[in-house]
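Just so it is clear: chains get the letters A, B, ... in the order the sequence lines come, proteins before strands, and each one is counted from 1. Treat the numbers as computed from the prediction; the structure is a model and nothing was measured.
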2 protein chains.
Amino acid sequence: MGKGEQTRQAILDEAFSLASCIGVGALSIGVLAERTHMSKSGLFAHFGSKEELQLAVLRESQMRFGEAVVRPALREPRGLPRLRAMLANWLDWTRAVNLPGGCVINAAAAEFDDQPGPLRDEVRKALIALRDTLGEAVARAVAEGHLRPDTDIEQLVFEITGIYQATQQSRRMLNDPDAGRRAIVAFERLVRDYAVPPEKE
Amino acid sequence: MGKGEQTRQAILDEAFSLASCIGVGALSIGVLAERTHMSKSGLFAHFGSKEELQLAVLRESQMRFGEAVVRPALREPRGLPRLRAMLANWLDWTRAVNLPGGCVINAAAAEFDDQPGPLRDEVRKALIALRDTLGEAVARAVAEGHLRPDTDIEQLVFEITGIYQATQQSRRMLNDPDAGRRAIVAFERLVRDYAVPPEKE
DNA sequence: GACTTTAACGAACGATCGTTCTATAACACG
DNA sequence: CGTGTTATAGAACGATCGTTCGTTAAAGTC
């Protein structure tokens, strides 16, 4: 890895954890230069524009998410165990990677939902990719017979994302120590509902 | 209402819908002055500091939430119908009031979760108040016999907030036209789970 | 080790930020 | 109507914003 790539990565590391705290939109080149002990112009040269830097942070976030959440879960047997592992990794990934201030993309989703442009597009892409991944895992669980054949996959994914967001808000804003447990309770109740055969009425 | 209060309210109206789009943290006095056809200093005098303006926006948001979501629901019979009405109002309140860019407080919760200070405190206050309100409604539903006596109220509230957040993200970022329906499906399954008597095992 | 490429710096740009001050205009009240 | 009060404007402040430019130092290549 050349010198360029090396410092670019170092900048991204710092930008990543900074964005986690203050949001991707509030990133500033001056502050970032100070934190990385560089000049503004020197740092700037690596990205060409602030927006490109922000996009790089979002892409970095996606990559780390894949490595910290999705990939380890693939070691679990397909179906429900894998889905369960994925959720567990997801709920805790902000601790695993250097994310002192919570998931960058989730925060960006709330920040840019009404500001068209490349940043919003990138966030959207990430959210769709995540939902696809979750959807695949759910579909596998159906195929394995862990969930009912008529399971509404999108609905299940929808509710799982809700569980994640509720957990993050409870933890981060309300300091609720039970958030993780509540998430698991919600999830298990969810899959139990979709696991039992439909009742005759 | 004196002239002062009048323009102050006009400023808040504009700040409110602007913050809805770009976030409370990104509010700028210059832009706001332009939008309200005032001078920066004239506008500034009404609040004394930018932070005070932001706090005022958050308080305004709480007030409108109460009037658009909670108060109308109180007309419904207590218990499940009231809870159901509250969720319905909640899911659509960003359309009812002038909130082109989604709930200000929910966005602020993601923005300030790692930035201590009066703004975070105010957001926290709002979230707690909301959870209390929801909790009360759930408790009423238990008292009315709509839900099981051993219902974990906090758990139910936790999951309802998740449904809300999933709905907003699906609507705003993914343009999912089914988000509202999915929210209702999730909610009804939730209350059905807590309504039936516990199974003997 | 000489040469080329590239990475980093420092200074400066215009724009905007939040804030302060002073002066003038509009209002409220007797 | 006149007078005291309050609301608004305008100019200016230092700070920071993102970005550009020319130059120097370092890294990569033969």
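Atom CD1 in A/Ile11 sits roughly 10 Å away from atom C1' in C/dA7 (whole-Å rounding). The nearest whole Å value for the distance from the CG atom in B/Leu53 to the C1' atom in C/dC17 is 14 Å. Atom-to-atom, CD of A/Glu51 to P of D/dC17 comes out at 18 Å; the value is rounded to the nearest Å. Rounded to an integer number of Å, the gap from B/Leu27 CG to C/dT16 C1' is 15 Å. For the pair A/His46 NE2 and C/dC9 P, the computed distance is 9 Å after rounding to whole Å. Atom pair B/Phe44:CZ and D/dA7:C1' shows a separation of 15 Å (rounding to whole Å applied). A straight line from CD1 of B/Ile22 to C1' of C/dC17 spans 13 Å, rounded to a whole angstrom. Per the geometry, CD belonging to A/Glu52 stands 13 Å off P belonging to D/dT20, to the nearest Å.
With rounding to the nearest 0.5 angstrom, the CG atom of A/Leu53 is 9.5 Å from the CZ atom of A/Phe44. Atom CD1 of residue A/Ile160 and atom CE of residue A/Met86 lie 9.5 Å apart, to the nearest 0.5 angstrom.
Checked for salt-bridge contact, A/Asp178 and A/Arg181 meet the test: a charged N lies under 4.0 Å from a carboxylate O. Residues A/Glu122 and A/Lys125 are paired through a salt bridge, judged by an N-O separation under 4.0 Å between the basic side chain and the carboxylate. With salt bridges taken as basic N to acidic carboxylate O contacts below 4.0 Å, one links B/Arg171 and B/Asp92. Checked for salt-bridge contact, B/Glu159 and A/Arg189 meet the test: a charged N lies under 4.0 Å from a carboxylate O. The pair A/Asp193-B/Arg192 does not count as a salt bridge, with every side-chain nitrogen at least 4.0 angstrom from each carboxylate oxygen.
Figure legend: A/Arg84 and A/Phe187 shown without cation-pi pairing, the cationic atom not lying both under 6.0 angstrom from the six-membered ring centre and within 45 degrees of its axis.
As judged by a 4.0 angstrom heavy-atom cut-off over every strand, B/Leu32 is placed among residues making no nucleic acid contact. Contact annotation for B/Ala45: base contact, defined as any heavy-atom pair under 4.0 Å involving a base atom.
For B/Arg59, the CZ atom is densely surrounded, since the number of other residues' heavy atoms within 6.0 Å is greater than 12. Heavy-atom contacts from other residues, nucleotides or ligands closer than 6.0 Å to CD of B/Glu76 number more than 12. More than 12 heavy atoms of other residues, nucleotides or ligands sit less than 6.0 Å from atom CD of A/Gln62.
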What nitrogen or oxygen pairs link the protein and nucleotides 9-13 of chain D at under 3.5 Å?
{"unit_1": "D/dA9", "atom_1": "OP2", "unit_2": "B/Ser39", "atom_2": "N", "d": "2.7"}
{"unit_1": "D/dA9", "atom_1": "OP2", "unit_2": "B/Ser39", "atom_2": "OG", "d": "3.1"}
{"unit_1": "D/dA9", "atom_1": "N7", "unit_2": "B/Ser41", "atom_2": "OG", "d": "3.2"}
{"unit_1": "D/dG10", "atom_1": "N7", "unit_2": "B/Ser41", "atom_2": "OG", "d": "2.9"}
{"unit_1": "D/dG10", "atom_1": "O6", "unit_2": "B/Ser41", "atom_2": "OG", "d": "2.7"}

What are the atom names and distances for every N/O pair under 3.5 Å that joins the protein to nucleotides 25-30 of chain D?
none

Reading DNA chain C 5' to 3', how would its secondary structure be written in dot-bracket notation, given Watson-Crick and G-U pairs with both distances under 3.5 Å, brackets [ ] for crossing pairs and | for partners on other strands? |.||||||||||||||||||||||.|||.|
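Residues B/Ile29 and A/Arg8 each lie close to DNA chain C; by heavy-atom proximity, the contact nearer the 5' end of the strand is made by A/Arg8.
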